[in-house]
> 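Okay, here's the structure, questions in a sec.
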Amino acid sequence: MKESYFPQEIEKKWQKIWDETDAFKTYNNSDKPKYYALSMFPYPSGKLHMGHVRNYTITDVIARFKKAQGYNVLHPMGWDSFGLPAENAAMKHGADPETWTDENIAYMTKQLKMLGLSYDWDREVTTCKPDYYKWTQWLFLQLYKKGLAYKKEAAVNWCENCATVLANEQVIDGKCWRCDGVVEKKYLSQWFLKITDYADVLLNDLDKLPGWGDNVKTMQANWIGKSHGAILKFKVVEKDMEIPVYTTRPDTAYGITYLVVAPEYKDIEALTTPEQKAAVEEYRANARKMTEIERLSTDRVKTGVPLGTHAINPFTGEKFPLWTADYALVEYGTGAVMAVPTHDTRDFDFAKKYNLPMKVVIQNPEKPSDCKDEAYTESGVLVNSGEFNGMSNEDAKKAITEKVVKGGFGEFKTQYRLRDWLISRQRYWGAPIPVVYCDKCGIVPVDEKDLPVMLPKDVDFKVVGKSPITTSKSFAETTCPYCGGPARRETDTMDTFMCSSWYYLRYSDAKNSEKPFDKDLVNKWLPVDQYVGGIEHAILHLLYSRFFTKALRDLGLLDFDEPFKNLLTQGMVLKDGSKMSKSKGNTVDPDEIFENYGADTARLFILSDSPPARDFDWSDAGVEGCYKFLNRVWRLIASNSQYITLNYQLSNTLRKDNDDLVRIVHMAIKGITNDISNDFQFNTVISKYRELTNAIYDWQSKKSQPDEEDKNVLSFAIIALIKLMSPVAVHLTEEAWHELGAKTSIHDEPWLEWDENLAKASSITLVVQVNGKVKDKIEVDEALSQDELKEIALNSPKIKELTAGHEIVKVIVVPKKLVNIVIK
RNA sequence: GCUCCAGUGGCGGAAUCGGUAGACGCGUUGGACUUAAAAUCCAAUUGGGUGAAUAGCUCAGUGCCAGUUCAAGUCUGGCCUGGAGCACCA
């Protein structure tokens, strides 16, 4: 065996062998229980970054560990390859987005192989290929037939920079998630998916996911935003009309002093008097011009215009004015709000500014407020509220709504913040939406046998202000599948999140050309047992995928209702305390690390310093330290190779000096197995590799002339170390294993078992406390009874000295651990 | 404003159930080997006090303030700081 560790040489050699022998191929038929380990697939942007390295290493170690534990493991990889960067690159360089994407995939595939990841490449999926997007389109058609995909004219988010619309989830602080450009509102006819039909089940089923972190679950719950309230309808005085409002505070109904409708409210023109028409029109025009950021800023001084009309409060018979103001949102509730300035901070600000009346209806009996300086929004007791006076406001919510229902002017109502998912994109590089428009038949879905609707090649990527796809001469013109007459194709493509909402299902049957996947296979492999990826997808991808799974279950395509059983959201990779980014110039190129230290060092280091869920600070010294450690392990193996036999068996009776090392090995097996099983604490796993290595070196330094028993024990310890390290240092352990004479892969060896009797120290240290402070430590036999431990503690010279002259109030004995003596 | 997460040496972090705080590593310091360097190996490394001392003894210490307990990094209540998400959602 070579004395020195040459990672580059070893790694290339084994990667080639694994590739040639299909070492990581997964077979569908196996008696073993299944385990599906999945990393979020990457966008092929060009090169891997350290975030990818961290993500894929974590999942790879999990996959290898589970395989060694006897599972039939599915561990696939693919490409989320539609999307704007390819199109932007095409515009810049005049290249075809497909060529650009293919080149990136080829390069990144090479990098993934260099990392030694155990993927079954036969199941690779690439979302921009016709054999994949055919099924994305097919699934769209199924959703359409089920009424879950529909087209409507709506106020949508428009990013001028990207020249496309965006889903609500893709607007971050009023800006585009991708380019940071300011998002505007536009009125366009667009395709939506009815995710709101699933709002309640998406919320409730979060309880079925104990394997997800609370942070992700709360983020989803907040996004869905369920609230309980009531619809109240108000009669308009001047017209024969009713205005419904949604409120969570029906208890404040006696305090209404005006009512606000959004500038985009559908009946606003009918509600405006001729005298107010000009002012209202101007206000609405201004609102239209505003960006989302301006419009939604809570700091902004509230503005509004009276419509000139009035409505009646059914509780009091009072007449109050109608206003329009842009603090009312047309998309939420009914687009109209009842205003109670005394008990809502927004209404309060508005009423102050326009000098509108206020009426207190809720009071804290201990500390009554006149609400002259601020709104009182806490709970309290009703006043000025007729028959409800004296009732607590929580009870009044129900009582008042019941009265409303009885009176026929309203109802109980549950409202969600979640909006339908806008999936149209005015871009080229995505899956075309498979519908056509016929003058006679209207919207007509493309016939399934005509899928895929292929992306055209004859397009001009440099076109400005419209989607490149519209420049194709061949694409738009078609015939109607119903009447055969002339028709136009939909030129919008689908949001890339459509493609990524079902890719994990396709891996179960990646090559199926008849269906998106076979039902038996998808039911066999899914749900994903462990999903690993970044927290940035907490809402977007993870919510859409949950929706897709539920919708496809309702379509009868599969039998489970949650796609990801356990979710690990890994932290970011930082350098010098901030996120690695090109603009900050603090990136570390994985290629350089592979070249200088090898993939095993990179894998070891990226797992070593922080638990997976926390942020990880990259340090060059840390990499160096891991490289040195692997060298140290290599030397340990190489310098003892003459003693090592590939045998895990040991005799039961060992001398005390050897017994201790055997115990350390068993403790390491137990500790490492538990640390991986328990939330994948790889940082402590790696510290245990080091402890075991240190222990073997220490033990060895005491053996100048090893006898037969010593050699056996040493061999056992080193073999165990190799196997324990094999999921992380995948190449080093494979090479060492073969150098020691093995003919089969270390990665096919089963995981190690430990003996509970051996996985602990032979004697225990009894900690003796006086009044809770450690005063003495005594080595004792573990078989001793509680009384005997107490006896030993009290008789310790040190303790005798400390307790002399004091009354012993109490003695607490924790078996095998500790004695606490309470004295006065 | 609401929701969630976190706070432990110079640094990353460790500590199943409440039971020896600081594992393991990085860094630093000292030493061995070497003509020298690299590599490797050994030792020290929470702070204060006492001490000739690398011994021993002792006090304090896990963001702050209380509480529960024989015993609190861990449990409870109230704060402070940092991070993340949501936000004119009525």
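Basis for what follows: all heavy atoms, side chains included, without hydrogens, waters or symmetry-related copies. Chain letters run A, B, ... following the sequence lines, proteins first, then strands; residues in each count from 1. Note that the coordinates shown come from a computational prediction; the quantities given were computed from them, not determined experimentally.
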> Given atom NZ of A/Lys773 and atom C1' of B/C59, what is their separation to the nearest angstrom?
8 Å
> From B/A90, B/G85, B/C70, pick the nucleotide closest to the side chain of A/Thr248?
B/A90
> Give A/Lys217 one of three labels, base, sugar-phosphate or nothing, depending on what nucleic acid heavy atoms sit under 4.0 Å from its own.
nothing
> Identify whether any heavy atom of A/Val822 sits under 4.0 Å from a base atom; if not, whether one sits that close to sugar-phosphate; answer base, sugar-phosphate or nothing.
sugar-phosphate
> Between A/Asn694 and A/Arg632, does any side-chain donor sit less than 3.5 Å from a side-chain acceptor?
yes
> So, is B/C17 syn or anti if syn means the angle is within 90° of 0?
syn
> Side-chain N or O of A/Ser610 less than 4.0 angstrom from OP1 or OP2 on B/G13?
yes
> Look at the side chain of A/Val337 and decide which nucleotide, out of B/U20, B/A71, B/A90, has an atom nearest to it.
B/A90
> Do A/His343 and A/Thr377 come within less than 4.5 Å of each other through their side chains, counting heavy atoms only?
no
> Compare the minimum distances between each of B/C89, B/U20, B/C59 and the side chain of A/Lys775, then state the nucleotide with the smallest one.
B/C59
> B/G85, B/A60, B/A90: which one has an atom nearest the side-chain heavy atoms of A/Ser227?
B/A90
> Just to be sure I understand the rule, does A/Val774 reach a base, reach only the sugar-phosphate, or reach nothing, if contact means heavy atoms closer than 4.0 Å?
sugar-phosphate
> Do A/Glu691 and A/Tyr689 come close enough that some side-chain heavy atom pair is under 4.5 Å?
no
> Choosing from B/C41, B/C24, B/C5, which nucleotide comes nearest the side chain of A/Asp214?
B/C5
> I need the CD-P distance between A/Gln681 and B/A14, as an integer number of Å.
7 Å
> In whole angstrom, give the distance that lies between atom CD of A/Glu624 and atom P of B/A39.
8 Å
> I need the CD1-P distance between A/Ile172 and B/G85, as an integer number of Å.
8 Å
> Remember a base hit wins even if backbone is also touched, and classify A/Asn694 as base, sugar-phosphate or nothing at under 4.0 Å, heavy atoms.
sugar-phosphate
> Is the NZ or CZ atom of A/Arg635 positioned over A/Tyr5's six-membered ring, under 6.0 angstrom from the centre and within 45° of the axis?
no
> Write down the distance between CG (A/Asn222) and P (B/U3), rounded to a whole number of angstrom.
9 Å
> Does the B/C4 base have a donor-acceptor partner in the side chain of A/Asn215 within less than 3.5 Å?
no
> Where does B/G7 land, syn or anti, once you apply the within-90°-of-0 test for syn?
anti
> Is the phosphate of B/A14 approached by A/Asn683 (side-chain N or O, under 4.0 Å from OP1 or OP2)?
yes
> For the side chain of A/Arg417, starting at C-beta, report the closest nucleotide among B/G12, B/C86, B/C70.
B/C86
> Given B/C26, is OP1 or OP2 found less than 4.0 Å from the side-chain N or O atoms of A/Arg690?
no
> I need the CG-P distance between A/Leu818 and B/A71, as an integer number of Å.
13 Å
> With a non-hydrogen cut-off below 4.0 angstrom, is A/Lys688 in contact with a base, only sugar-phosphate, or nothing?
nothing
> Do A/Ser610 and A/Asn683 pair up side chain to side chain, a donor and an acceptor below 3.5 Å, judged on atom types alone?
no
> Counting side-chain heavy atoms from C-beta on, which of B/C86, B/C89, B/A23 comes nearest to A/Ser687?
B/A23
> What is the separation between atom CZ on A/Arg614 and atom P on B/U8, rounded to the nearest whole Å?
9 Å
> At under 4.0 Å, does any side-chain N or O of A/Tyr416 touch on OP1 or OP2 of B/C89?
no
> Between B/A90, B/C88, B/G19, spot the one nearest the side chain of A/Gln769, thanks.
B/G19
> It should be established whether A/Arg632 places a side-chain nitrogen or oxygen under 4.0 Å from OP1 or OP2 of nucleotide B/C41.
yes
> Apply the side chain to side chain donor-acceptor pair (under 3.5 Å) test between A/Tyr327 and each candidate in A/Asp349, A/Asp347, A/Thr303; give the one that qualifies.
A/Asp347
> It should be established whether A/Lys798 places a side-chain nitrogen or oxygen under 4.0 Å from OP1 or OP2 of nucleotide B/C57.
yes
> Side-chain N or O of A/Lys810 less than 4.0 angstrom from OP1 or OP2 on B/C70?
yes
> When all nucleic acid strands are considered with a 4.0 Å heavy-atom cut-off, which category describes A/Thr684: base, sugar-phosphate, or nothing?
sugar-phosphate
> With C1' as the reference atom in both, quote the distance from B/G10 to B/U58 in angstrom, rounded to an integer.
26 Å
> With heavy-atom distances below 4.5 Å as the criterion, would you say the side chains of A/Phe616 and A/Phe605 are in contact?
yes
> Please report the distance, rounded to the nearest Å, between CZ in A/Arg419 and C1' in B/C86.
13 Å
